[in-house]
> 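Pasting in a structure now, in structure tokens, and then I'll have a few things to ask.
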Amino acid sequence: MHRRIFAPGALAAASLLLAVPASAASYTPGAPGIGDPYYPYYGNGGYDVSHYDLRLRYQPGTDELDGTATILARTTQDLSRFDLDFLLDVSEVRVNGAKAAFATSGEHELQITPKTPLAKGTPITVVVRYSGVPSTKTAYGFSTWHRTPDGAVAADEPEAAWWWYPSNDHPLDKATYDVSVAVPDGTQAISNGTLQSTSSKLGWTRYTWRQNKPQATYLTTLAVGRFDITTSTSEGGVPVVNAYSKDLGDNDGAARASVERTGEVVDWLSGYFGPYPFASAGGYVPNTTTSYALETQTRVFYSPKQFANGSNTSVVVHELAHQWYGDSVSLKDWKDIWINEGFARYAQWLWSEHEGEGTAQELADYTYASHPADDPFWTVAPGDPGPDNQFDTAVYDRGALAIQALRNEIGDDAFFAVLKGWPKEHAYGNASVADFQRYAEQVSGKPLAALFDTWLFQPSKPAAPEARAAAVAAAAPVQPRSWKKIAATNDAR
């Protein structure tokens with residue numbers, strides 16, 4: 001039998017430990033992911049961001065980016081450590097003015113340990129100084145930083161921020177933004193919202209942009225290059241800023257003929273979705289080799305390839321519809337992607353009707369008839385497609401079919417009330433497919449669980465209502481004139 005001997009110093013240390021409040025044990029690291037079932041390590045736990053202030057300097061010739069990000073947030077738990085999603089090289093981190101320890105972890109995590117633990121509900125100011133060459137960084141085997149002949153573009157989904165600023169990268173944590181970028185004279189820097197100021201000094205010009213409404217991280221964009229910038233105001237009073245790379249070549253005319261209709265389309269969509277939710281609208285077309293378009297908030301990203309076969313206003317309609325469905329009202333989890341893509345595609349169907357190129361019902365009938373029962377198209381569930389099928393054509397087309405089925409079920413009066421009321425009900429927030437079903441039931445007064453399950457979740461072709469089936473059988477649907485234009489936008493996100 002051995003007796004344990006305690007030295008006096010050890011006894012004193014034990015007494016000190018006993019004196020520490022039990023609550024200290026509640027300080028724990030924030031989760032390295034926000035909890036999204038598709039992307040477990042996207043976003044972070046333990047805090048909520050309210051504002052990003054990004055002060056950057058970018059050299060197009062070498063792709064060198066230097067930055068200071070100041071992040072205003074509030075803790076949501078007793079926090080010993082927290083993560084930001086980021087890839088560039090960090091030189092210093094401060095939390096509430098004090099230097100903090102930091103390290104990298106996993107594919108894209110920046111772990112920050114503040115000098116003292118942070119109690120739940122504490123306002124925090126995080127300053128991250130960093131630099132690097134974004135095009136040299138990858139995560140999970142890919143990059144979302146796109147070099148151009150005269151600069152670069154940050155625009156991608158579901159992630160893009162890691163390559164140029166540290167963030168809580170998930171749509172659940174929306175924030176306002178100030179983005180200030182210095183670039184060599186003769187080069188422009190374009191971002192979201194409104195241009196607050198420009199200033200030149202010693203061969204560099206600084207552009208400062210402000211987004212004063214909550215914005216998801218993936219919807220925050222940066223474009224540096226040589227652009228021709230146009231400004232106007234829509235008939236409804238919305239300021240419009242568009243930009244076109246000066247080296248678009250043969251695609252230049254078609255791009256302008258499409259994107260310059262932004263003000264007209266915004267006003268038209270307002271008739272269906274309610275007042276435009278932001279302080280400005282517009283888009284930009286850089287000289288990239290990408291093929292998709294993306295609804296980056298207030299400043300839509302368009303690939304030149306969208307206009308390779310001529311003008312295409314339908315893609316402009318799709319991306320601008322997202323300003324209500326996807327940007328102002330953002331998804332809760334990435335599985336709720338139908339809230340974004342189904343309604344943006346349906347807006348294209350409404351535009352087709354407006355242009356006299358096929359009604360929404362004609363497009364629905366043709367879409368339905370184009371896919372036999374054994375087509376894999378029907379195995380994708382738009383209401384929860386899985387990460388591999390998140391941008392599958394079925395999410396768009398079957399998603400729009402579900403919306404037309406809803407319209408037929410509840411009637412036009414209730415349907416258009418839902419269409420306009422939903423963006424108001426959840427303005428600048430987040431919502432799920434289940435939230436939308438509840439809202440549609442509330443407005444229409446009808447139970448809709450079976451309809452939503454059939455059209456959004458079952459891995460099989462829904463049976464057509466008898467009346468529609470008879471009409472379709474009597475005369476095989478003719479391809480609407482807008483069909484090819486809409487299909488050409490399948491890379492639109």
Side-chain angles (χ1 to χ4, degrees), residues 20-54 69-86 90 93-128 158-162 165-178 211-220 297 327-336 339 426-432 434-435:
V20 174
S23 61
S26 68
Y27 288 90
T28 55
I34 209 166
D36 192 288
Y38 285 10
Y39 305 102
Y41 295 106
Y42 286 25
N44 303 284
Y47 62 95
D48 183 75
V49 178
S50 60
H51 184 74
Y52 293 93
D53 183 278
L54 308 178
T70 303
I71 303 168
L72 307 182
R74 185 178 293 272
T75 58
T76 58
Q77 68 178 68
D78 290 339
L79 202 57
S80 62
R81 189 186 75 211
F82 61 93
D83 287 11
L84 291 168
D85 300 301
F86 196 44
V90 175
V93 178
R94 290 180 179 267
V95 178
N96 289 346
K99 282 190 176 182
F102 61 91
T104 58
S105 174
E107 293 274 352
H108 70 281
E109 302 288 337
L110 173 66
Q111 289 185 343
I112 297 171
T113 304
K115 188 174 182 179
T116 57
L118 304 165
K120 180 179 179 180
T122 301
I124 57 174
T125 301
V126 183
V127 178
V128 182
E159 67 289 287
W162 315 340
Y165 71 99
S167 69
N168 192 18
D169 191 24
H170 191 278
L172 270 179
D173 196 0
K174 299 163 78 168
T176 54
Y177 284 78
D178 283 307
Q211 175 55 267
N212 65 354
K213 297 297 184 186
Q215 178 171 280
T217 43
Y218 85 96
L219 297 173
T220 308
Q297 192 164 307
D327 293 13
S328 177
V329 185
S330 300
L331 43 73
K332 281 184 177 176
D333 291 316
W334 281 106
K335 65 183 176 63
D336 298 310
I339 292 288
H426 294 280
Y428 311 118
N430 300 78
S432 67
D435 292 329

> State which residues pass salt bridge (charged side-chain N to carboxylate O under 4.0 Å, His left out) with Asp178; sequence neighbours excluded, sorted by chain then number.
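Arg210.
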> Hey, are Thr76 and Asp48 close enough side-chain-wise for a donor-acceptor pair under 3.5 Å?
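There is no such pair (donor and acceptor under 3.5 Å, judged by atom type) between the side chains of Asp48 and Thr76.
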> Side chains of Tyr47 and Val126, heavy atoms from C-beta outward: is any pair under 4.5 Å?
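No, too far: nothing below the 4.5 Å cut-off.
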> Check Ala160 against Asp169 and note the closest heavy-atom contact, atom names and distance.
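For Ala160 and Asp169, the tightest heavy-atom pair comes out as N-OD2, 4.4 Å.
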> Passes side chain to side chain contact (heavy atoms under 4.5 Å, CB included), His170 versus Asp85? Steps please.
CA-CA 10 Å; His170 191 278; Asp85 300 301; over 6 Å; no
> Can you sort out the partners of Tyr52 under ring-ring contact (aromatic ring centres under 6.0 Å, His included), two or more places apart, ordered by chain and number?
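Testing Tyr52 for ring-ring contact (aromatic ring centres under 6.0 Å, His included), a comparison that skips the adjacent residues, returns Tyr165, Tyr177.
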> For Tyr39, enumerate each residue passing the side-chain hydrogen bond (donor to acceptor under 3.5 Å, both in side chains) test, keeping only those at least two apart in sequence or located in another chain.
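Once residues adjacent in sequence are excluded, the partners of Tyr39 under the side-chain hydrogen bond (donor to acceptor under 3.5 Å, both in side chains) criterion are Gln390.
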> Apply side-chain hydrogen bond (donor to acceptor under 3.5 Å, both in side chains) to Glu109 and list each qualifying residue two or more places apart in sequence or on a separate chain.
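side-chain hydrogen bond (donor to acceptor under 3.5 Å, both in side chains) list for Glu109, sorted by chain: empty.
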> Tell me the closest heavy-atom pair linking Arg81 and Pro114, and the distance in Å.
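Minimum heavy-atom contact is CA-CD, 4.2 Å.
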> Take the angle between the ring planes of His108 and Trp162 and call it parallel below 30°, perpendicular above 60°, tilted in between.
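Parallel, since the angle between the ring planes stays under 30°.
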> Go through the structure and list residues passing side chain to side chain contact (heavy atoms under 4.5 Å, CB included) with Asn96, not counting sequence neighbours.
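Once residues adjacent in sequence are excluded, the partners of Asn96 under the side chain to side chain contact (heavy atoms under 4.5 Å, CB included) criterion are Leu118, Thr122, Ile124, Thr125.
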> Are the side chain of Asp53 and the backbone N or O of Thr70 linked by a donor-acceptor pair below 3.5 Å?
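Between the backbone of Thr70 and the side chain of Asp53 there is no qualifying donor-acceptor contact (under 3.5 Å).
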> Taking only residues two or more places apart in sequence, or in another chain, which ones meet Lys332 in a side-chain hydrogen bond (donor to acceptor under 3.5 Å, both in side chains)?
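Listed in chain order: Asp435.
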> Which atoms form the tightest heavy-atom contact between Pro32 and Asn44, and what is the distance?
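In this case the closest contact between Pro32 and Asn44 is O-OD1, 3.5 Å.
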> Name all residues meeting the side chain to side chain contact (heavy atoms under 4.5 Å, CB included) criterion together with Ala427; count only those two or more places apart in sequence or in a different chain, and write none if there are none.
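Partners of Ala427 by the side chain to side chain contact (heavy atoms under 4.5 Å, CB included) criterion, ordered by chain and then number, come out as Ser328.
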> Looking at residues at least two apart in the chain, or sitting in another chain, which of them share a side chain to side chain contact (heavy atoms under 4.5 Å, CB included) with Ser50?
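Partners of Ser50 under the side chain to side chain contact (heavy atoms under 4.5 Å, CB included) test: Leu72.
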> For the CG atom of Leu110 and the CZ atom of Phe82, what is their distance to the nearest 0.5 Å?
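CZ of Phe82 is found 8.5 Å from CG of Leu110.
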> Tell me yes or no: between the side chains of Tyr42 and Glu159, is some donor less than 3.5 Å from an acceptor?
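Present: a donor and an acceptor within the cut-off.
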> Does Pro37 have any side chain to side chain contact (heavy atoms under 4.5 Å, CB included) partners at least two apart in sequence or in another chain, and if so, which?
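Pro37 satisfies side chain to side chain contact (heavy atoms under 4.5 Å, CB included) with Asp333, Lys335 only.
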> Give the minimum heavy-atom separation between Ala69 and Leu54, together with the two atoms involved.
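Heavy atoms only, the tightest pair is CB-CD2, 3.7 Å.
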> So, do Tyr218 and Pro158 sit near enough that their side-chain heavy atoms are less than 4.5 Å apart?
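No, side chains not in contact.
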> So which heavy atom on Ala431 is nearest to which on Val329, and how close?
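Looking at all heavy atoms of both residues, the closest pair is CB-CG1, 4.0 Å.
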> Can you sort out the partners of Thr176 under side-chain hydrogen bond (donor to acceptor under 3.5 Å, both in side chains), two or more places apart, ordered by chain and number?
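Applying side-chain hydrogen bond (donor to acceptor under 3.5 Å, both in side chains) to Thr176 gives His51.
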> Taking all heavy atoms of Ser26 and all of Asp78, pick out the closest pair and write down the distance.
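Looking at all heavy atoms of both residues, the shortest contact is OG-OD2, 2.7 Å.
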> Is Asp327 close to Lys213 at the side-chain level, that is, under 4.5 Å between some pair of heavy atoms?
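Not touching, per the 4.5 Å side-chain cut-off.
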> Arg94: which residues meet the salt bridge (charged side-chain N to carboxylate O under 4.0 Å, His left out) condition with it, sequence neighbours left out?
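For Arg94 the salt bridge (charged side-chain N to carboxylate O under 4.0 Å, His left out) partners, ignoring immediate neighbours, are Glu92.
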> Salt bridge (charged side-chain N to carboxylate O under 4.0 Å, His left out): which pairs involve residues 111-124, sequence neighbours left out?
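For residues 111-124, and leaving out neighbouring residues, there are no salt bridge (charged side-chain N to carboxylate O under 4.0 Å, His left out) pairs at all.
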> To the nearest 0.5 Å, tell me how far Leu331 CG sits from Ser432 OG.
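Reported to 0.5 Å precision, the distance equals 10.0 Å.
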> Would you mind reporting whether Phe102 and Val93 have side-chain heavy atoms less than 4.5 Å apart?
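A side-chain contact under 4.5 Å exists here.
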